[in-house]
> 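Pasting a structure here, questions to come.
Below, chains carry the letters A, B, ... as their sequence lines are ordered, and counting in each starts from 1. Model, not experiment: these values are computed from the prediction.
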Number of protein chains: 2
Amino acid sequence: MAEKDICEVKCMESEKVKEVKRQMLREEEVNRLSGTFSILSDSTRVKIIFALSKEELCVCDIAYLLNLSISAVSHQLRVLRNARLVKYRKQGKMVFYSLDDEHISTLFNEGLKHIRE
Amino acid sequence: MAEKDICEVKCMESEKVKEVKRQMLREEEVNRLSGTFSILSDSTRVKIIFALSKEELCVCDIAYLLNLSISAVSHQLRVLRNARLVKYRKQGKMVFYSLDDEHISTLFNEGLKHIRE
DNA sequence: ATCATAGTTGAGCAATTGTGCAACTGTAAA
DNA sequence: TTTACAGTTGCACAATTGCTCAACTATGAT
């Protein structure tokens with residue numbers, strides 16, 4: 001990031017580059033964008049989101065479906081809760097989770113379309 | 001992930017859960033999906049993809065725009081190359097990069113729509 | 001051939017992240 | 001109240017990741 005690392009051709013002072021610089025995303029937008037994608041960048045969370053896109057499920061159901069510990073699932077559900085991607089409903093000792101963001105399904109399905117070409 | 005961790009309510013043997021299990025994504029799909037999202041989960045790569053969605057740029061241009069070292073940018077460009085999200089064109093000593101995947105722009109813009117509500 | 005420059009690459013480091021473990025909360029049944 | 005169970009949480013640790021540094025390749029100019 002030192003000035004010396006920048007090439008001397010001055011290509012970066014062209015109109016083209018200035019225009020890109022002008023349009024560049026703000027730091028906050030970049031962070032929210034990469035943050036959103038990073039939630040979907042883990043295979044456990046992908047499986048959870050897929051499962052919840054089909055049915056409302058309790059923590060135990062999810063652990064069973066993913067063959068993972070209750071603890072691991074709960075940790076990931078917290079991530080999804082913090083990101084407001086899932087909501088939950090308590091019923092006795094059990095907690096039922098479901099998706100709480102229509103955008104995320106769209107994003108998720110766009111990703112599916114991508115990998116399926 | 002031990003059996004003991006699974007609850008004893010047998011909720012996971014309901015028809016509902018069996019049906020989700022039947023529809024569940026294959027491991028390979030899950031990995032490709034989370035892999036795709038993980039490429040977009042880093043703010044540096046988000047900026048690079050955004051910049052390249054506007055213009056074809058050389059490594060130096062990108063480093064200048066992102067205020068990062070040539071090396072750091074080159075490392076990230078390799079990630080994008082390996083994922084076949086960018087292509088490059090050599091011209092003398094310089095290397096010009098551009099997007100090489102129409103899907104990724106769609107996914108990217110869907111993400112933008114998400115954060116902008 | 002020699003030198004300078006644009007970019008690549010591997011090693012190493014610091015920061016982040018996913019999961020297991022164990023202790024904890026809260027609800028229900030005995 | 002006591003006990004059991006569904007789920008949560010903090011800590012620790014291993015694995016991954018992004019960047020720097022320095023050495024390297026490749027191209028062009030002298």
Side-chain angles (χ1 to χ4, degrees), chain A residues 1-12 14 17 30-31 34-35 37-49 56-64 66-83 86-97, chain B residues 1-12 17 30-31 34-35 37-49 56-83 86-97:
Chain A
M1 68 159 284
E3 302 295 317
K4 310 93 172 294
D5 286 332
I6 301 298
C7 66
E8 295 172 357
V9 181
K10 304 289 180 189
C11 50
M12 67 278 192
S14 69
V17 175
V30 171
N31 290 338
S34 59
F37 286 120
S38 77
I39 288 166
L40 296 164
S41 73
D42 174 71
S43 59
T44 296
R45 288 192 294 269
V46 162
K47 289 178 198 168
I48 293 177
I49 290 174
E56 180 192 57
L57 297 166
C58 68
V59 179
C60 176
D61 286 337
I62 299 172
Y64 167 73
L66 311 200
N67 195 35
L68 229 69
S69 73
I70 297 281
S71 175
V73 170
S74 187
H75 277 298
Q76 297 297 7
L77 284 169
R78 176 165 54 168
V79 174
L80 297 174
R81 256 186 284 124
N82 289 343
V86 300
K87 61 174 183 290
Y88 60 94
R89 169 175 75 82
K90 292 189 182 178
Q91 184 181 290
K93 286 182 290 187
M94 294 162 78
V95 182
F96 288 91
Y97 281 87
Chain B
M1 72 160 280
E3 301 296 318
K4 309 95 172 294
D5 286 332
I6 301 298
C7 65
E8 297 171 359
V9 180
K10 305 285 180 190
C11 50
M12 70 278 191
V17 176
V30 170
N31 290 338
S34 59
F37 286 120
S38 77
I39 289 167
L40 295 164
S41 73
D42 173 71
S43 59
T44 297
R45 287 192 294 269
V46 161
K47 289 178 198 168
I48 293 178
I49 290 174
E56 179 192 57
L57 296 166
C58 68
V59 178
C60 177
D61 287 337
I62 300 171
Y64 166 74
L65 282 168
L66 311 200
N67 195 33
L68 265 172
S69 73
I70 297 280
S71 176
V73 170
S74 189
H75 276 297
Q76 296 296 9
L77 284 170
R78 176 165 53 171
V79 173
L80 297 175
R81 258 186 284 125
N82 290 342
V86 299
K87 61 174 181 292
Y88 61 95
R89 169 175 76 83
K90 292 189 182 177
Q91 183 180 293
K93 285 182 291 189
M94 295 163 76
V95 181
F96 289 92
Y97 281 86

> Tell me: CD1 of Ile39(A) to P of dT16(C), nearest whole Å?
17 Å
> Quick check: do Ile70(B) and Cys60(B) have side-chain heavy atoms less than 4.5 Å from each other?
yes
> How do Lys90(A) and Ala72(A) order along DNA chain C: which one's closest nucleotide is nearer the 5' end?
Ala72(A)
> Is any side-chain heavy atom of Leu80(B) less than 4.5 Å from a side-chain heavy atom of Arg45(B)?
yes
> CD1 of Ile48(A) versus P of dG7(D): gap in Å, rounded?
13 Å
> Nearest-Å distance, CZ (Phe96(A)) to P (dG7(D))?
8 Å
> In whole angstrom, give the distance that lies between atom OH of Tyr64(B) and atom C1' of dT5(C).
20 Å
> What integer distance in Å separates Met94(B):CE from dG28(D):P?
12 Å
> Can you find a heavy atom in the side chain of Arg81(B) that is under 4.5 Å from one in the side chain of Tyr97(B)?
yes
> Taking only nitrogen or oxygen atoms into account, show me every contact under 3.5 Å that the protein makes with nucleotides 8-14 of chain D, one pair per line with its distance.
from    : atom 1 : to       : atom 2 : distance (Å)
dT8(D)  : OP1    : Tyr97(A) : OH     : 2.5
dT8(D)  : OP2    : Ser74(A) : OG     : 2.7
dT8(D)  : O5'    : Ser74(A) : OG     : 3.3
dT9(D)  : O4     : Ser71(A) : OG     : 3.0
dG10(D) : OP2    : Arg78(A) : NH1    : 3.3
dG10(D) : O6     : His75(A) : NE2    : 2.9

> Nearest to the side chain of Ser69(B), heavy atoms from C-beta on, is which of dT20(D), dG18(C), dC19(D)?
dT20(D)
> Measure CD/Gln91(B) against C1'/dG28(D) and give the value in whole Å, please.
13 Å
> Is the number of heavy atoms from other residues, nucleotides or ligands under 6.0 Å of Phe96(A) CZ greater than 12?
yes
> Less than 4.5 Å apart, any side-chain heavy atom of Ile62(A) and any of Leu66(A)?
yes
> How many Å lie between CD1 on Ile62(B) and P on dA6(C), as a whole number?
15 Å
> For Gln76(A) and Arg78(A), which I'm curious about, is there any donor-acceptor pair between the side chains at under 3.5 Å?
no
> Nearest whole Å is fine: how far is dG20(C) P from Leu66(A) CG?
12 Å
> So Ser43(A) and Val30(B), do their side chains get closer than 4.5 Å, heavy atoms only?
yes
> Looking only at side-chain N and O atoms, does Gln76(B) come under 4.0 Å of OP1 or OP2 in dC19(D)?
yes
> If you find the nucleotide of DNA chain C closest to Lys93(A) and the one closest to Val79(A), which residue's nucleotide is nearer the 5' end?
Val79(A)
